[in-house]
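Report on the following structure.
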4 protein chains.
Amino acid sequence: MTAEARPRLRADARRNRDRIIATATQAFADDGPDVPMEEIARLAGVGVGTLYRRFPDREALVVAVVRDSLATTLARARAAADSDAAAAADPATKADPATADPAAAEGRAWDALVNSLNPSHELRLTMRLTSLFSPTTAAAVRADPAITRIRREYAETLDALVLAAQAEGSLRPDVGSGDVAHLLSLAAYGLSRAPDATAEIAFDRARAIILDGLRAHPTAPLPGHPLTTTDLASE
Amino acid sequence: MTAEARPRLRADARRNRDRIIATATQAFADDGPDVPMEEIARLAGVGVGTLYRRFPDREALVVAVVRDSLATTLARARAAADSDAAAAADPATKADPATADPAAAEGRAWDALVNSLNPSHELRLTMRLTSLFSPTTAAAVRADPAITRIRREYAETLDALVLAAQAEGSLRPDVGSGDVAHLLSLAAYGLSRAPDATAEIAFDRARAIILDGLRAHPTAPLPGHPLTTTDLASE
Amino acid sequence: MTAEARPRLRADARRNRDRIIATATQAFADDGPDVPMEEIARLAGVGVGTLYRRFPDREALVVAVVRDSLATTLARARAAADSDAAAAADPATKADPATADPAAAEGRAWDALVNSLNPSHELRLTMRLTSLFSPTTAAAVRADPAITRIRREYAETLDALVLAAQAEGSLRPDVGSGDVAHLLSLAAYGLSRAPDATAEIAFDRARAIILDGLRAHPTAPLPGHPLTTTDLASE
Amino acid sequence: MTAEARPRLRADARRNRDRIIATATQAFADDGPDVPMEEIARLAGVGVGTLYRRFPDREALVVAVVRDSLATTLARARAAADSDAAAAADPATKADPATADPAAAEGRAWDALVNSLNPSHELRLTMRLTSLFSPTTAAAVRADPAITRIRREYAETLDALVLAAQAEGSLRPDVGSGDVAHLLSLAAYGLSRAPDATAEIAFDRARAIILDGLRAHPTAPLPGHPLTTTDLASE
DNA sequence: CATGAATGAGGCTTCATTCAT
DNA sequence: GATGAATGAAGCCTCATTCAT
């Protein structure tokens, strides 16, 4: 997934690496950013040495976890954008607006936008993590080239979705992809804490309300100007 | 500020205690939840011994900080509610809807609700803190009787504001005080991170969009049922 | 002994500090430069925490040990120089060269030089240490201002002794204080390894032979030019 | 190079083994006695596994390195002794003292002694190594039969050189081969540290002074008795 | 009471050594 | 045989907490 000089990992090493990242993601989410490395190793069923062979220090592990999670999120958003494009190319879909489901009347682009923002379990955990790590670690995360690239590509994908939704008139024109990303990351963050059904509902409701706020029926002018993703780069 | 048995601390001791809490609040906000106790003591200009005399252990200090911050927030929300009640009792205010400021057309209760949710510096810190502490410490915070009481009183105050806004027709009827608290805490949380102007704007815009979503113009039924604050107690 | 802002240490702290340095000096000599910090602490009868409170890391401890040892050595060399000066001022001492002990016929300055080079137990340990530490640590030692100052003062003292001995004709004129320091440090180094009587003898003999070589009876011109202490600064 | 049961290693394995020893010798000299085994393996271009196949543990590698180095040194000292013997047997050499180079007036045996003590690069490394390893490792080195044998043979060679030089009157009679070995090892040790020109000069000068001290012009009786190599066995 | 010195458990990381591929 | 992945013991250092001054 990265462009590093890591041509091929031995099968078992690869499996270990993947399991460590998955375990670490979960452990960080469960116990906070300070979970002992030994605990992570234990949960992953490996010795500390193996953990450190793969990730030179805690920071490297965190970066890998975030990188992995963001890559998944990007793939998801892209899939949503692509399926939207495919649907648009297929005249059979939503052929006649008049006969369409009124609840889905917002249009294809809107649906694509909403789908792309449905946070995966992984992303939720990452949302939480990125806000919990120490300033030093956060800086390391932002400095990672692979993460930077993913963020940029994600921003581009989201930009396209936002513009399409605004073109079809379903998304209010005075918001930018930065606003959208910010709001949805907030919603996802709220979800990431409690793992139970209530949190699930609270998230769904919050998301619905936020989406209502994003629809093209502004009741009052928004302050400032539409935020682009770049505006939030320092987030 | 709290309802504890406060056996009349000597003036200077009292000052010490207050300074420690203020310092700790700032230190937690600046450097994260792991600031060493010695660092806090140093910043407060006292020895560790003094710190430990006031707060038997780190958890007690955290609890005190959160308690203090929540108490301030509650007082602020109450003041907003009270001024609303006072305004309602005063026929001179907003006497004639026709002459009222159109931008404020949502009604007095709506304004009161919005005001009560304008996060103070203190609240922002608290938002950040409560989401950053370890699960263990978070549990200790929730278990604190004084904090529980404050949360309950805060919920009651918010309930009243929500009901009033729904009664006047400005707040959509399918939300509860839990939804409102959840959404606004999310917005405030987003703010608490970066202290720069961009974050300020992002927060203002996010809040505006959320408020639009909360207004009484539901475009689609919300999933589930209106959340009460109790629903979110485990958050 | 240093010019740091350490005005006064609490009596017990001071005692601990001294004991730690003494213990560390011995431990380094006995077990090499890698003695675990915990071992040093244990031998000194304190907890690791105390050790680290006084010396932020291993390097700081090493620097302190070397500094302490060099200071002792400097004091010793100075005492030798001073007693020589005092003797010279006292007409009763060695009043008549003709009646002096033939074995001591070399003169007062020579005796002073020899005395100043009688390595203390501490210095022997230090000799061994400075050559055993890692390049990084060695660099830290050389970078220490207090150590730099002591080395400079020591060089000045030795310079005076060397010049005096050459003036009285007992020390061969084609050597410098750098040569003298180098040779004697070699002898002392050899001594520092084995702690038994044999080593003691070997050292005494080696020193006697070296001193013979240093006497004013050069049988062959020495290569290069007389070394000054500065020439050996990188040693 | 050693007298072990060397069951005819395959050519490439043999090459591996030699490269590992050479690499390790250099690595120890460059980076100190704590170079990780993996680093040595990497520098030698083999995997750790291969390293451990040849040398069961770190101690075995160190012993092999020292053994190798000492064997080289012994060969050199023997060559010097042999050439001296050959020269002595050849009446053409130094036939007429009157026509001899005055600077070489000390005699053939003296020259042989001096030559045998001219430290090779290998010996310098060994000097450094043997003094840097931990007490435990140093003991293992001394306990190695091959090393013991080499030391013994070296002592015998040196004994012969010393006796010859004393017989011809160039070496003072009150020193033993132990004294000579001790002094020259000290000089060589001093050299092994800094690899620059200053160190070269300092070594040359120190050696010259020491040789002056060793010449047959004792100005004072030496303490103790002439040391044999055995006296220094524990060094 | 205030201070800051002492303690030691606990987390991070390294590396000698073993073992599966 | 060669390789390098896995293991875990051991050392460094931090910091919450206790206690002597």
Side-chain angles (χ1 to χ4, degrees), chain A residues 9-17 20 34-42 44-61, chain B residues 9-10 12-13 16 34-42 44-62, chain C residues 9-17 20 34-42 44-61, chain D residues 9-10 12-13 16 34-42 44-62:
Chain A
L9 227 44
R10 235 169 61 184
D12 57 339
R14 174 83 208 170
R15 217 173 315 117
N16 269 343
R17 195 196 134 90
I20 289 173
D34 296 331
V35 216
M37 294 292 268
E38 308 223 326
E39 171 83 353
I40 294 174
R42 197 178 52 68
V46 300
V48 253
T50 304
L51 181 50
Y52 276 93
R53 161 175 283 269
R54 235 32 98 190
F55 308 97
D57 56 15
R58 165 176 285 265
E59 204 168 273
L61 175 61
Chain B
L9 281 169
R10 256 173 34 194
D12 59 336
N16 261 350
D34 296 330
V35 210
M37 294 293 269
E38 289 218 34
E39 171 82 353
I40 295 174
R42 198 177 52 71
V46 300
V48 254
T50 306
L51 180 50
Y52 273 90
R53 163 170 296 276
R54 294 288 170 246
F55 307 96
D57 57 17
R58 164 174 272 265
E59 209 168 86
L61 175 61
V62 170
Chain C
L9 227 44
R10 236 169 62 183
D12 56 340
R14 175 82 209 171
R15 217 173 316 119
N16 268 343
R17 195 196 134 88
I20 288 173
D34 296 330
V35 214
M37 293 293 269
E38 308 223 328
E39 171 84 352
I40 295 174
R42 196 177 53 70
V46 300
V48 253
T50 304
L51 181 49
Y52 277 94
R53 161 176 283 270
R54 234 32 98 190
F55 309 97
D57 55 17
R58 167 176 284 265
E59 204 168 273
L61 175 60
Chain D
L9 280 170
R10 257 174 33 197
D12 60 336
N16 261 351
D34 296 330
V35 210
M37 294 292 269
E38 289 219 32
E39 171 82 352
I40 295 173
R42 198 177 52 71
V46 300
V48 254
T50 306
L51 179 51
Y52 273 91
R53 164 169 296 276
R54 294 289 169 245
F55 307 96
D57 57 17
R58 164 175 272 264
E59 208 167 87
L61 174 61
V62 170

If I take atom [atom1] in residue [X] and atom [atom2] in nucleotide [N], what distance separates them, rounded to the nearest angstrom?
X	N	atom1	atom2	result
A/Glu39	F/dG8	CD	P	16 Å
A/Arg42	F/dA9	CZ	P	15 Å
A/Ile40	E/dC12	CD1	C1'	12 Å
D/Phe55	E/dT18	CZ	C1'	18 Å
C/Leu61	F/dC13	CG	P	10 Å

Response to the item:
Stem ranges of DNA chain F by first residue number, counting only runs of at least 3 Watson-Crick or G-U pairs under 3.5 Å, come to E:2-21 with F:2-21
Please tell me which of the listed nucleotides, [options], lies nearest to the side chain of [X]?
X	options	value
D/Met37	F/dA5, E/dT17, E/dA5	E/dT17
D/Pro36	E/dT7, E/dC12, E/dC15	E/dC15
D/Glu38	E/dT17, E/dA6, F/dA10	E/dT17
C/Tyr52	F/dC13, E/dC12, F/dT18	F/dC13

Item to complete: Identify, between C/Val48 and A/Pro56, the residue whose nearest nucleotide on DNA chain E lies closer to the 5' end.
Response: C/Val48
Item to complete: Could you pick out which residue, A/Asp34 or D/Asp57, lies toward the 5' side of DNA chain E when each is mapped onto its nearest nucleotide?
Response: A/Asp34
Discussion item. Both A/Gly47 and D/Leu51 contact DNA chain F. Which one's nearest nucleotide lies toward the 5' end?
Written reply: D/Leu51
Worksheet item: Would you say the side chain of D/Leu61 lies within less than 4.5 Å of the side chain of D/Met37, judging by non-hydrogen atoms?
Response: yes
Can you measure from [atom1] ([X]) to [atom2] ([Y]) and round to the nearest 0.5 angstrom?
X	Y	atom1	atom2	result
D/Glu38	D/Leu51	CD	CG	9.5 Å
C/Thr50	C/Asn16	OG1	CG	6.0 Å
C/Ile20	C/Arg53	CD1	CZ	11.0 Å

Taking OP1 and OP2 of [N], is either one under 4.0 Å from a side-chain nitrogen or oxygen of [X]?
X	N	value
A/Arg54	F/dA6	yes
A/Asn16	F/dA5	no
A/Thr50	F/dA5	no
C/Arg53	E/dA5	yes

